[in-house]
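Working notes, structure below.
Since we're looking at a predicted model, the values are computed, not measured. Residue numbers run from 1 in the order of the sequence given.
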Amino acid sequence: MLNRSSFTTLVVGVFIVYVVHTCWVMYGIVYTKPCESHSDNCIKPYLSKRPKLQLSVYTTTRTSISAENNVDLVLNVDNFDVESRFERTVNVTVPKKTRNNGTLYAYIFLHHSGVLPWHDGKQVHIVSPLTTYMIPKPEEINLITGETGTQQIDTEKKESNALDEPVSHWRSRLTLNVMVEDFIFDGSSLPADVHRYMKMIQLGKSVHYLPILFIDQLSNRVKDLMMINRSTTELPLTVSYDKISLGKLRFWIHMQDAVYSLQQFGFSEKDADEVKGIFVDTNLYFLALTFFVAAFHLLFDFLAFKNDISFWKKKKNMVGMSTKAVLWRCFSTVVIFLFLLDEQTSLLVLIPAGIGAVIEVWKVKKALKITFQWRGLTPIIKFGTCSESEKKTEEYDTQAMKYLSYLLYPLCVGGAVYSLLNIRYKSWYSWLINSFVNGVYAFGFLFMLPQLFVNYKMKSVAHLPWKAFTYKAFNTFIDDIFAFIITMPTSHRLACFRDDVVFLIYLYQRW
């Protein structure tokens, strides 16, 4: 068997290999080896000939088109300049089939100016659905008066919410890119990711690739979706265009494939949207920093869980440890997990919170020395006895909680009543969970005070799991960065900064 130090070394070694391998893979994505000038396998860019181009966007309910029948032209950009970015908003007619939960497609053509796309042998096109299916967000109401956020609600929308079934939503943004680099590819080693977007033609003795047209699906965010009702006849569509480099194009293709894979594994549209936000709303250099931050966060999470479990596994008594603080941490962690679940928070935040809640429940079992005995199918719960030293610790613990309760309970009850009267919720359960979690977030640090008080009375911090604390401290500062990157409730974001203060107080006591 490996001892604990060698196991930790092994984990850190595997982590370093993983980071180095990932950096190598990322380098292989953003760097493409150009074709040597004397090679016969070179594929040259058609854009280097500076052709006069036109951009046309059509909509149709059909999955394939061969002529201009049953299609609507919604945008036409003559003398299209691939170097100039633009953004235009157009109104799109919504067919009856789409209003009845059907799909509407956008066909984007890049072709020679003055020639219809289906008559142009050198045209390139790409297809994108303008609709998606998603369960509507439940309507929030005032639990006392019954008032909703909007007094007039469409009957069909009410029915959809009640049935909890996915309905058609409109993608109000369409983001287009064209790869504009005069890059010469080596035909014998074409990158597979770009190859599927390439269309090649023979011009004389050389082979050219037509402009690479790309739709940025990562820019399709949940916040831009609009629910389609049967009464809707027109909807706005914002078409934006910008040029893109080869390196960024390849990186974006891989990221889109990764998001698609997540959805295939069961991630919802909202969960995938959180991942999209990391890429779209973040500068690429900051994104690279985020990768390293996330990798270290994963490592410290694992080491903190490992050391915390090892500490509590060996713990035979509760001398110097605040039982009230352990109970509070368990309660607050479970409440936060239920709150994040109710808010449909990203799985990136939800899964670690769930694992943390399970560990805290196990700690309570150890702290209270709970054992289970079975009589047939009926479990009997037994609590262990306390030593004299543990009773002394418990006395300090109770004394600290007595003073805290005078401040804490009125604040929590007052906050719950205020939110009930002034804030709208989906249900009574939602209000209850929000009230608990607001108490946890706003006053949770007060429940750390009993442990601080016990430390002060005993003039010692040797009984605390300092290894686990150190790893959690690193993660707390990493969480401060993630608080601005990953979408999460504001109260959860503020709690990240609250934890910094608590840890600094522990450090002061240790000093």
Legend entry - Main-chain N/O of Asp224 paired with Ser172 side-chain donor or acceptor, under 3.5 Å: yes
Legend entry - Pairwise distance OG1(Thr131) to CE(Met226) - rounded to 0.5 angstrom: 13.5 Å
Legend entry - From Glu83 atom CD to Leu47 atom CG, the distance as rounded to the nearest 0.5 Å: 9.0 Å
Legend entry - Side chain to side chain, Val194 and Ile212, heavy atoms closer than 4.5 Å: yes
Legend entry - Nearest-0.5 Å distance, CG of residue Leu210 to NE2 of residue His125: 12.5 Å
Legend entry - Audit row: Thr61, Tyr105, side chain to side chain contact (heavy atoms under 4.5 Å, CB included) steps and yes/no: CA-CA 6 Å; Thr61 55; Tyr105 298 94; 5.8 Å; no
Inset, instruction - Go through Ser188 and Asp186 one step at a time and tell me if the side-chain hydrogen bond (donor to acceptor under 3.5 Å, both in side chains) criterion holds. - result: CA-CA 5 Å; Ser188 60; Asp186 186 344; 2.8 Å; yes
Inset, instruction - Carefully, step by step, assess Thr32 and Arg250 under the rule side-chain hydrogen bond (donor to acceptor under 3.5 Å, both in side chains). - result: CA-CA 9 Å; Thr32 309; Arg250 294 191 62 195; 2.9 Å; yes
Inset, instruction - Specify the closest pair of heavy atoms between Gly102 and Ser168, including all atoms of both residues, with the distance to one decimal. - result: O-OG, 3.4 Å
Inset, instruction - Identify the two heavy atoms, one from Leu75 and one from Leu73, that lie closest to each other, and give their separation to 0.1 Å. - result: O-CD1, 3.5 Å
Inset, instruction - Kindly determine whether Leu237 and Leu130 satisfy side chain to side chain contact (heavy atoms under 4.5 Å, CB included), including the steps that lead there. - result: CA-CA 9 Å; Leu237 176 66; Leu130 293 176; 4.1 Å; yes
Legend entry - Atom CZ of Phe86: over 12 foreign heavy atoms under 6.0 Å: yes
Inset, instruction - Keeping the roles fixed (side chain from Gln202, backbone from Gly204), state whether a donor-acceptor pair exists under 3.5 Å. - result: yes
Inset, instruction - Measure from the side-chain N and O atoms of His169 to the backbone N and O of Val167, and report whether any donor-acceptor pair falls under 3.5 Å. - result: yes
Legend entry - Smallest separation among heavy atoms of Gly187 and Ile43, with atom names: CA-CD1, 3.7 Å
Legend entry - Atom of Lys44, atom of Ser206 and distance for their closest heavy-atom approach: NZ-CB, 4.4 Å
Legend entry - Under 3.5 Å: donor-acceptor pair, side chain of Tyr241, backbone of Val82: yes
Legend entry - Ile228 backbone acceptor or donor facing Thr232 side chain under 3.5 Å: no
Inset, instruction - Could you please spell out the steps behind the side chain to side chain contact (heavy atoms under 4.5 Å, CB included) verdict for Val178 and Ile244? - result: CA-CA 6 Å; Val178 173; Ile244 191 170; over 6 Å; no
Legend entry - Residue pair Ser128 / Leu174, side-chain heavy-atom distance below 4.5 Å: yes
Inset, instruction - Would you indicate whether the side-chain heavy atoms of Thr93 and Leu235 approach each other to under 4.5 Å? - result: no
Inset, instruction - To the nearest 0.5 Å, tell me how far Met26 CE sits from His254 NE2. - result: 9.0 Å
Inset, instruction - Assert yes or no for the condition that the ring centre distance of Tyr107 to Trp118 is strictly below 6.0 Å. - result: no
Inset, instruction - Taking Glu234 for its side chain and Val94 for its backbone only, find out whether a donor-acceptor pair lies under 3.5 Å. - result: no
Inset, instruction - Look up atom CG in Leu225 and atom OG1 in Thr132, then write down how far apart they are to the nearest 0.5 Å. - result: 6.5 Å
Legend entry - Side-chain donor or acceptor of Arg99 paired with backbone N/O of Arg230 under 3.5 Å: yes
Inset, instruction - Assess whether side chain to side chain contact (heavy atoms under 4.5 Å, CB included) is satisfied between Thr59 and Val71, documenting all intermediate values. - result: CA-CA 6 Å; Thr59 60; Val71 295; over 6 Å; no
Legend entry - Residue pair Arg50, Asp182: steps toward the salt bridge (charged side-chain N to carboxylate O under 4.0 Å, His left out) verdict: CA-CA 11 Å; Arg50 303 293 182 264; Asp182 284 338; 3.7 Å; yes
Inset, instruction - State whether the side chain of Asp193 and the backbone N or O of Ile253 hold a donor-acceptor pair below 3.5 Å, judged by distance alone. - result: no
Let me check something: any side-chain donor-acceptor pairs from residues 108-115 under 3.5 Å, sequence neighbours excluded? List them with distances.
residue, atom, partner, partner atom, Å
His111, ND1, Val115, O, 2.7
His111, NE2, Ser56, OG, 2.9
His112, ND1, Asp120, OD1, 3.4
His112, ND1, Asp120, OD2, 3.1
His112, NE2, Tyr46, OH, 2.8
Ser113, OG, Asp78, OD1, 2.5

Inset, instruction - Measure from the side-chain N and O atoms of Lys276 to the backbone N and O of Val259, and report whether any donor-acceptor pair falls under 3.5 Å. - result: no
Legend entry - Between Asp216 and Ser219, a side-chain donor and acceptor under 3.5 Å: yes
Legend entry - Heavy-atom side-chain contact between Thr60 and Asp72 under 4.5 Å: no
Legend entry - Closest non-hydrogen atom pair, Thr333 against Gly356: CG2-C, 3.7 Å
Legend entry - Phe185 vs Pro34 side-chain heavy atoms within contact, under 4.5 Å: no
Legend entry - Exam field: side chain Trp170 to backbone Pro236, donor-acceptor pair closer than 3.5 Å: yes
Legend entry - Qualifying residues under salt bridge (Lys or Arg N to Asp or Glu O under 4.0 Å), relative to Glu181, sequence neighbours excluded: none
Inset, instruction - Could you check if a side-chain atom of Asn177 sits within less than 4.5 angstrom of a side-chain atom of Asp242, using non-hydrogen atoms only? - result: yes
Legend entry - Heavy-atom neighbours of Lys122 NZ exceed 12 at 6.0 Å: no
Inset, instruction - Output the distance between atom NZ (Lys243) and atom CG (Asp81), rounded to the nearest 0.5 Å. - result: 9.0 Å
Inset, instruction - Determine whether Leu218 and Gln256 make a side-chain contact, defined as any pair of heavy atoms from C-beta on separated by less than 4.5 Å. - result: yes
Legend entry - Check: Ser240 and Arg173 side chains under 4.5 Å, non-hydrogen atoms: yes
Inset, instruction - Decide whether Gln54 and Asn79 meet the rule of one side-chain donor and one side-chain acceptor closer than 3.5 Å. - result: no
Legend entry - Partner set under side-chain contact (heavy atoms from CB on, under 4.5 Å) for Tyr18, not counting sequence neighbours: Thr22, Phe291
Legend entry - Residue pair Ala353 / Phe337: nearest heavy atoms and the distance that separates them: C-CD1, 4.0 Å
Inset, instruction - Classify the side-chain pair Thr238/Thr89 by whether it contains a donor and acceptor separated by less than 3.5 Å. - result: yes
